[in-house]
Protein chains: 2
Amino acid sequence: MSKHELLIIDDEAQIRKLLEITLHTNDFKTKEAVDAKSGLIMAATCHPDLILLDIGLPDESGHVVLRKLREWYTKPIIILSAHSSEDDIVKALDNGANDYLVKPFRTGELLARIRSSLRTTTSEIQKEILKYNDLQIDLTNRIVKKNNDVVKLTSTEYNLLALFVKNEGRVLTHSYLLREVWGPGYLDQLQYLRVFIAQLRKKIETEPNHPEFILTESGVGYRFVIKEK
Amino acid sequence: MSKHELLIIDDEAQIRKLLEITLHTNDFKTKEAVDAKSGLIMAATCHPDLILLDIGLPDESGHVVLRKLREWYTKPIIILSAHSSEDDIVKALDNGANDYLVKPFRTGELLARIRSSLRTTTSEIQKEILKYNDLQIDLTNRIVKKNNDVVKLTSTEYNLLALFVKNEGRVLTHSYLLREVWGPGYLDQLQYLRVFIAQLRKKIETEPNHPEFILTESGVGYRFVIKEK
DNA sequence: TTGTTCCGTTAAGATCTCTTCAAATTGAAC
DNA sequence: GTTCAATTTGAAGAGATCTTAACGGAACAA
């Protein structure tokens, strides 16, 4: 689980401290800003995964900050506010806020709303593209490229490669690979593995007979490694 | 602006009536269900753009309904509940709810939260008209053109194409396509998919037997790609 | 050296999956 | 009910993928 970085924009030191402690104990990283101006700058420079924005800032209304952020910032913004009037809430939500919590808020609820917001916006986009020298693997789109050319893999070849990538650096035994890719009924079909390893190497290795990525661990299995150049 | 269709799952006739009136005057279409069982069936058959779910249903807990919905339903779910305990809220949000409103709620706020939820999940395609070489797709008006001639698509064909366009470059598995276009009860009707892919290709591809846009990923699904020329 | 074991490579046939066409069925509009 | 368009079903052939088996090479021990 990669740590999400949140930006807190709030002028009250007490609230910032509370948020910081709560968020850190729940595995989030935080950045903090005390007013609108520094908040906008910090959002632009550190690209947080989510912004907690106080609506009552000293230098400028949070509503204005929200509009300015939304000109370019597409990730979730949760409003924290002492005002609970319907007008404020509707205005904030229509200006692009993802959620609105009235102070004093319950920390458990805040955390759940943060998780919910992060979930909905990262599940769609969350592009997981891995690059190993001239080999590039896009796990969400199921695309593999070698020297920027798309490599056509069959479904079994892809499943095998994905398994290797997810266990980079680790030795995967013959039986583990067979079980995961073909199923528990194929534990003795070692030959399948040999054939498919050969095919994969032919497609993704620069020199298939001197493999750089898929190494043989004789008598045990195979290992996918990345040699940094 | 195309009308969004919302599904209301609530056992109180009074609330349903209130929601119906509020939503209709704000340009939403609604469907209604009075208990968990009919709610789940209706969600599966009419594919609403958002679900308003009461947590206190007569036949089954809303939490259970929420979990069952989230096994396949990916669009927003907003919880309406008489309970305001933090436990309930956190549980619902962590089970996949996008928002949680405590009854009695303010209708203006509800509407703003609905708009906010719909915005985040449909914001992907803001471009009005998409142009891919000689293929042109207008998602807001449901018009598709090939070489500037309007292509007549049936509703199923269009839904399929729209789904591809929204997920350009990504492999969409057979089951995903079947679930999104036909519904979760059609996961084994692979043949439907094959027939409709063929029809779509005949209509939008220059050479239907050498597809340029809709590519086959044998054993997995299909992928919509744009080859920059 | 010889034998053994493990691994890599290749290619042909078997099998699974996809495409295509067409007929049957459904459902909506009149 | 009739008509028409759309969807569903079925079936044959084409295509892609998997399976199998045969062979050669490398590593290692006797």
Side-chain angles (χ1 to χ4, degrees), chain A residues 142 144 150-162 164 171-175 177-183 185-224, chain B residues 45-47 142 144 150-164 171-178 180-183 185-224:
Chain A
R142 236 187 145 97
V144 177
V150 175
V151 176
K152 192 157 177 283
L153 297 182
T154 71
S155 130
T156 310
E157 288 163 1
Y158 179 85
N159 292 340
L160 192 55
L161 179 59
F164 274 124
V171 176
L172 303 180
T173 63
H174 297 136
S175 48
L177 289 164
L178 286 164
R179 185 181 321 115
E180 292 297 314
V181 177
W182 281 269
Y186 291 73
L187 294 188
D188 52 351
Q189 299 292 340
L190 226 181
Q191 183 56 12
Y192 288 13
L193 205 42
R194 301 216 172 99
V195 170
F196 277 82
I197 292 286
Q199 284 172 358
L200 253 187
R201 281 176 174 158
K202 217 185 291 178
K203 291 184 180 182
I204 67 168
E205 298 281 3
T206 313
E207 300 173 87
N209 35 354
H210 293 119
E212 169 192 4
F213 297 112
I214 302 176
L215 306 186
T216 304
E217 296 286 336
S218 197
V220 185
Y222 296 89
R223 181 206 303 270
F224 185 86
Chain B
T45 51
C46 69
H47 303 276
R142 284 190 155 234
V144 177
V150 174
V151 176
K152 191 158 175 274
L153 295 182
T154 70
S155 106
T156 310
E157 287 164 3
Y158 179 84
N159 292 341
L160 193 55
L161 179 60
L163 197 57
F164 275 123
V171 174
L172 303 181
T173 63
H174 297 136
S175 48
Y176 176 80
L177 290 164
L178 286 164
E180 292 297 314
V181 176
W182 281 268
Y186 291 75
L187 294 188
D188 51 352
Q189 299 294 338
L190 229 180
Q191 184 59 8
Y192 290 13
L193 199 46
R194 300 213 172 106
V195 172
F196 276 81
I197 292 286
Q199 285 170 357
L200 254 186
R201 280 176 173 158
K202 220 182 290 178
K203 292 185 180 182
I204 67 167
E205 297 280 4
T206 313
E207 299 173 88
N209 36 352
H210 293 122
E212 170 191 4
F213 297 113
I214 302 177
L215 306 187
T216 304
E217 297 285 335
S218 195
V220 185
Y222 295 88
R223 183 206 304 271
F224 185 86

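Chain naming here is simple, since letters A, B, ... match the order of the sequence lines and numbering starts at 1 in each. Because only heavy atoms are used, hydrogens play no part in the values below, and waters and symmetry mates are left out as well, while side chains stay in.
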Chemist: Whole-Å distance between C:dC18 C1' and B:Ile214 CD1?
Modeler: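 After rounding, the reported distance stands at 14 Å.
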Chemist: I'd like to know if the side chain of B:Lys203 reaches the main chain of B:Lys152, judged simply by a donor and an acceptor atom lying under 3.5 Å from each other, with no hydrogens or angles considered.
Modeler: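 Present.
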Chemist: Between atom CG in B:Leu153 and atom P in D:dT7, what is the gap in whole Å?
Modeler: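 In whole Å, D:dT7 P and B:Leu153 CG are 10 Å from each other.
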Chemist: Does D:dC18 have its OP1 or OP2 closer than 4.0 Å to a side-chain nitrogen or oxygen of A:Thr156?
Modeler: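 Answer is yes, contact under 4.0 Å.
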Chemist: Got a sec? Which of residues 188-204 of chain B come in under 4.0 Å of DNA chain C, heavy atoms?
Modeler: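 Close to the strand are B:Gln191, B:Arg194, B:Ala198, B:Arg201.
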Chemist: Heavy-atom nearest nucleotide on DNA chain D for B:Tyr186 versus A:Trp182: which residue maps closer to 5'?
Modeler: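 With B:Tyr186 and A:Trp182 compared, the 5'-side residue is B:Tyr186.
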Chemist: D:dG24 C1' sits how many Å from A:Asn209 CG, rounded?
Modeler: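 In whole Å, D:dG24 C1' lies 14 Å from A:Asn209 CG.
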Chemist: Measure from CG on A:Leu178 to P on C:dC7 and round the result to the nearest Å.
Modeler: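 Rounded to whole Å, this separation is 12 Å.
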Chemist: State whether the side chain of B:Glu212 and the backbone N or O of B:Thr206 hold a donor-acceptor pair below 3.5 Å, judged by distance alone.
Modeler: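 Looks like no, no N/O pair under 3.5 Å.
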Chemist: Do the side-chain N or O atoms of A:Thr216 get closer than 4.0 angstrom to the phosphate oxygens (OP1, OP2) of C:dG8?
Modeler: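 Affirmative; the distance criterion is met.
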Chemist: Quick check: do A:Leu160 and A:Ile197 have side-chain heavy atoms less than 4.5 Å from each other?
Modeler: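 A:Leu160 reaches A:Ile197 side chain to side chain.
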Chemist: Is the phosphate of D:dC18, meaning OP1 or OP2, less than 4.0 Å from a side-chain N or O of A:Thr154?
Modeler: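 Checking A:Thr154 against D:dC18: at least one side-chain N or O falls below 4.0 Å of OP1 or OP2.
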Chemist: Please report the interatomic distance CG(A:Leu177) to OH(A:Tyr222), rounded to the nearest 0.5 Å.
Modeler: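 Interatomic distance, A:Leu177 CG to A:Tyr222 OH, rounded to 0.5 Å: 8.5 Å.
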Chemist: Kindly assign one of parallel, tilted or perpendicular to the pair A:Tyr192 and A:Trp182, based on the angle between their ring planes and the thresholds 30° and 60°.
Modeler: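 Rings of A:Tyr192 and A:Trp182: tilted, 30 to 60°.
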Chemist: Compare side-chain N and O positions of A:Tyr222 against OP1 and OP2 of C:dC6 and report whether any pair is under 4.0 Å apart.
Modeler: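 Looking at the OP1 and OP2 atoms of C:dC6, neither is under 4.0 Å from any side-chain N or O of A:Tyr222.
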Chemist: What is the separation between atom CG on B:Leu215 and atom P on C:dT19, rounded to the nearest whole Å?
Modeler: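 The distance from CG of B:Leu215 to P of C:dT19 comes to 10 Å, rounded to the nearest Å.
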Chemist: Does B:Leu178 reach the side chain of B:Thr173, with side-chain heavy atoms less than 4.5 Å apart?
Modeler: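 They are not in contact (no side-chain heavy atoms under 4.5 Å apart), so the answer is no.
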Chemist: Evaluate the side-chain proximity of A:Arg142 to A:Ser155: yes if any heavy-atom separation is below 4.5 Å, no if none is.
Modeler: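 With C-beta onward as the side chain, the pair touches.
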Chemist: Between D:dT8 atom P and B:Leu160 atom CG, what is the distance in whole Å?
Modeler: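 My rounded result for the distance is 12 Å.
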Chemist: So, does B:His174 get its side chain near the phosphate of C:dC18, meaning an N or O under 4.0 Å from OP1 or OP2?
Modeler: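 Yes.
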